Amino acid sequence: MNANLLEQLNESQRQAVEYCDGASLVIAGAGSGKTRVLTYKIAYLLHEKGLKPWNILALTFTNKAAREMKDRIARLLGELDGHDSDTARYLQMGTFHSIFARILRAEAQQLGFNSQFTIYDQADARSLVKSIIKEMALDDKVYKPSSVSDQISMAKNHLILPQAFGDSSLFDHRKPKVGDIYIRYSERCRQANAMDFDDLLVYTYRLFQEHEDIRRKYVEKFHYVLVDEYQDTNIVQQAIVLQLTRERQRVCVVGDDAQSIYSFRGANIDNILNFRDAYDNARLFKLEQNYRSTQLIVQAANSLIRKNERQIPKDVFSNNEHGEKLQLKPAYSDREEALIVCNDIQRIRRREKAEYSDFAILYRTNAQSRSFEEQMRKQNIPYRIYGGLSFYQRKEIKDVIAYFRLVANPNDEEALKRIINYPSRGIGDTTVNKIVNAATTYGVSLWTIISQPVLFRLDVSKGTATKLEAFRQQVEGWAGRMAGEDAYKLGHAIIMESGVSKDIYSSHNPEDISRQENLEEFLSGMQDFVESRREEGLEQQVSISDFLQEVALLTDLDSDGNDEGPKVSLMTVHSAKGLEFPTIFVVGLEENIFPSPMCTDSIRALEEERRLLYVAITRAEKHCILTCAQNRFRFGRMEYDTPSRFIRDIEPSLLQVESQTTSDDADYGTQRLPWTQQRSRYREDSNQQNAHPVASQFKADPMPRAVPRRTEEPAPSPFSESFKQQIVGARARQFKPVAQAKPVAQPPAAPSAQTQGELREGCTIEHQRFGIGSVVKIEGTGENTKATVNFRNAGTKQLLLKFARFKVIG
DNA sequence: CACGTCACTGTTTTT
DNA sequence: CAGTGACGTG
């Protein structure tokens, strides 16, 4: 059976699997069976070397990769006898972030956090940076929150601590305060008992660095460490791996320098290039046989990547069928590009009896998915978009999660700010600002201020103080129930009792319906989570905080499309890493898109863009089709683009330029500039009768840069007179209230004061704007009296009686 | 205090 | 064309 296991591998794969005595680096060309080596190696360690599953640490980049690998190992072990299928479950396998988050929860006290700490996502991090910039009264044109946040992230990825930022290479004299923002940011996170994504790595590093006993504990635990996608690790990740493996050197990292595409996230390609400097006697294994793609695809990809300077030399080859050339299909516009792709999908699917799931469309930026979505809906092609805003980033879901977060960790500043006045409970910006001010002056969390407003001299009116106290009690009440009620039960209660449910369910406009559906889906997802956790029997009570820990590190790629039917996949090239499809479309191959204009000024960045295209092409098994568009709708305007420079990097004899209309395929080698040819042909066509069916749609359009003409006044028509009157009439009505208000010059309170006396809960009113509705609730006194009214057509609104214009009708 | 309107502005990739 | 912030109105 051992023989059995190794027999399924080629020579170099087998060598890589068998070598377990020291550090090893496996350079795995695209499609060369990298995952296969990892899974077989783990199976080998368990089965042959007698390691226990909990002694193996395997780090991946996505949850999906971890899950798939676990499944494959479970299956593999099932084939070997003597192993129960449960073994794989105990492997310490997951993303860097999820594994380290677990360690940090266990050791949180050592670092001055508690184990319920929140994980701030990118939006939280930016929002916090933004408020700090505001508080420091800095110019947010110079200190743009998102770019400052990115700089802080970059600093962390390079293990530059806040105090050291000013002296680091990241310091930019044009923005001298970034270091100060970083310092305050870190303090605020700590007060909020929160860590951002990067902190999960940095604090793990510091934990091991500053607590030798703890490091030893984990070194004892992890007898063997494996790392997937090593080319995308950053400095901290590499440092932590070294902390864990320094003594034993039982470490195996797998990756491909040609697929390093995450430097914007701090990934350091030198980690893989210099791996052998970090470990003595590290052995290098190269996997060069590609099992995924046809020969021509592999050759074309090789010809492209050869243009890069920095790389580990390797010779990726394929013994699969010869296959066909890469195809380049230029389009007139982004709309035509989508049409070409969809038609190709239909054609290939029919010709080869393929499923929709055999196709993937890969683009550089998420925004490009639009035109394809439209076209696919038109042609009834089922599709699924990965990435973009995931389910958990939708407003209604984030709101609910913010409640959960606050209940689990009341110090969570970002969660608190998000929901303290949603649904509105009369705690507005003014009050929140006062709380933030007090919190920063005293160096405590916002929650501390809310809990002891008097002690911290929070200067608010009595009414506001009451509202704050009510809010505090409500949150505290939920927190108290956390131990006794499971995540679903309490979660449901929170949604009901907080008023979120009422807010979302009160109205019937179409967009609110989808919010309701999302919320229901979310709740049922939570129920599934609780049940599956219970079935696993790992814990008796599945709490809100268990749920949060899971959710915080989940991405869209993880929510597997368990729904019906095969679908075309749409995603960015980045998220396609590690995947493969029979047919791949790489779209938008234009300057200003791919390569991205942000990357064209440095060779290093440009090489990364080239690697990105290499990744895209090597996802293809059989067909790889490249497209580009001459005109593209961007920023609400038609823009002109030239073809990507990378097209010229592909060996011309391996690329076929195809025109849509005619079947005479031109060889790219004789057409150095496909564009000019294409363009002139379309121009001619537009003057001819047999115009290009799609291009002719555009011929009526003026040139993209033409100044839009002002539309003329409509010509007089038989209807114009009455039409005019309608307008005049409408205007007159519209202006009426204003005209009235001016000469009278009365305080607006006067008219409503009359109505206030008659107003009672349950009565019906007619509002000037919202129409007829019934009064649900009246609260507050004097100037602040507020009514909650359920309008027939406008949903539920809160009206401040001081301003509201309405009359009581029943 | 809450909501609607309007002008502005910025665009890469993600655990 | 979004998503955001400033502003006015009820």
Side-chain angles (χ1 to χ4, degrees), chain A residues 59-66 94-101 119 121-122 130 134 140-141 144-147 150 153 157 196-201 229 232-234 237 261-267 362-368 370 386-390 393 395 421-431 463-464 552-558 571-577 588 592-599 605 608-609 611-612 615-616 633-637 737-738 741 748-749 751-752 767-770 780 783-786 788 794-795 797-806:
Chain A
L59 298 166
T60 62
F61 257 74
T62 60
N63 296 301
K64 192 179 177 211
T95 63
F96 279 92
H97 296 267
S98 67
I99 297 271
F100 294 164
I119 297 172
D121 67 13
Q122 192 193 5
K130 189 174 175 179
K134 217 173 214 166
D140 63 358
K141 295 283 186 302
K144 289 182 358 193
S146 59
S147 88
D150 287 349
S153 167
N157 288 322
D196 65 23
F197 284 137
D198 307 304
D199 286 335
L200 296 176
L201 307 175
E229 309 280 14
D232 287 323
T233 54
N234 59 35
Q237 289 167 321
I261 53 172
Y262 279 98
S263 73
F264 69 90
R265 211 167 81 189
L362 308 184
Y363 33 76
R364 177 67 237 269
T365 66
N366 280 305
Q368 288 168 258
R370 250 253 173 60
Y386 294 81
L389 17 141
S390 79
Q393 312 210 7
K395 185 194 172 296
N421 202 30
Y422 172 77
S424 40
R425 42 174 80 84
I427 306 172
D429 288 348
T430 335
T431 308
T464 308
L553 296 169
L554 229 47
T555 60
D556 190 41
L557 225 67
D558 297 317
M571 64 185 98
T572 62
V573 182
H574 280 93
S575 38
K577 190 172 77 163
N592 288 323
I593 293 206
F594 202 166
S596 157
M598 334 291 283
C599 302
E608 176 150 320
E609 292 285 298
R611 288 194 294 269
L612 194 55
V615 169
F633 205 65
R634 279 165 95 198
F635 334 125
R637 195 153 275 302
V738 180
S752 42
H767 187 269
Q768 196 175 7
R769 220 159 17 118
F770 301 132
E783 282 224 315
N784 290 322
T785 311
K786 207 160 61 170
T788 307
K797 304 278 175 199
Q798 300 207 355
L799 306 174
L800 211 59
L801 296 187
K802 163 165 78 154
F803 295 126
R805 283 173 181 270
F806 62 90

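In what follows, every chain begins at residue 1, and chains take the letters A, B, ... in the order their sequences are listed. Quantities reported herein were computed from a predicted structural model and do not represent experimental measurements.
- The residue A:Asn366 sits close only to the backbone: its heavy atoms come under 4.0 Å of sugar-phosphate atoms, none of a base.
- In terms of the side chain to side chain donor-acceptor pair (under 3.5 Å) criterion, residue partners of A:Thr365 (sequence neighbours excluded) are, by chain and number, A:Gln368.
- Only the P atoms considered, B:dT13 is 16 Å distant from C:dT4, to the nearest whole Å.
- The side chain of A:Ser424 contributes no N or O atom lying less than 4.0 Å from OP1 or OP2 of B:dC1.
- For A:Arg634 and B:dG10, the CZ to P distance is 15 Å, given to the nearest whole Å.
- What separates OH of A:Tyr262 from P of B:dT14 is a distance of 6 Å, to the nearest Å.
- Residue A:Thr95 places its side chain closer to B:dT15 than to any other of B:dT15, B:dT11, C:dA2.
- B:dT13 atom P lies 13 Å from atom CZ of A:Arg265, rounded to whole Å.
- At whole-Å resolution of the value, CG in A:Leu362 and C1' in B:dT14 are 16 Å apart.
- Where stacking is scored as ring centres under 5.5 Å apart with planes under 30°, A:Phe264 does not register as stacked on the base of B:dT14.
- A donor-acceptor pair under 3.5 Å links the side-chain atoms of A:Asn421 to the main chain of A:Ile427, judged by distance alone.
- At whole-Å resolution of the value, CG in A:Leu553 and C1' in B:dT14 are 13 Å apart.
- Applying the 4.0 Å criterion to OP1 and OP2 of B:dT15, one finds that A:Asn63 has every side-chain N and O outside that range.
- Put simply, NZ on A:Lys577 is 16 Å from P on B:dT13, counting in whole angstrom units.
- Rounded to whole Å, the distance from NZ on A:Lys144 to C1' on B:dT9 is 10 Å.
- Counting any heavy atom pair closer than 4.0 Å across all strands shown, A:Arg611 reaches no nucleic acid atom.
- If you find the closest nucleotide of DNA chain B to A:Ser146 and to A:Phe197, the one lying nearer the 5' end belongs to A:Ser146.
- Because its NZ or CZ atom is not both nearer than 6.0 Å to the ring centre of A:Tyr262 and within 45° of the ring axis, A:Lys577 does not count as a cation-pi partner of that residue.
- The nucleotide whose nearest atom lies closest to any side-chain atom of A:Phe635 is, among B:dT14, B:dT12, B:dT11, B:dT11.
- Within a 6.0 Å sphere centred on NZ of A:Lys395, heavy atoms belonging to other residues, nucleotides or ligands number more than 12.
- The shortest distance between the side-chain N/O atoms of A:Asn157 and the OP1/OP2 oxygens of B:dT15 is not below 4.0 Å.
- If you measure from atom OH of A:Tyr363 to atom C1' of B:dT11, you get 16 Å, rounded to the nearest angstrom.
- Not one side-chain nitrogen or oxygen of A:Ser98 sits closer than 4.0 Å to the OP1 or OP2 atom of B:dT15.
- We find the CG-CZ distance between A:Asn592 and A:Arg364 to be 12.5 Å, quoted to the nearest 0.5 Å.
- Nucleotides of DNA chain B nearest to A:Asn421 and A:Glu609 differ in position, and the one nearer the 5' end is that of A:Asn421.
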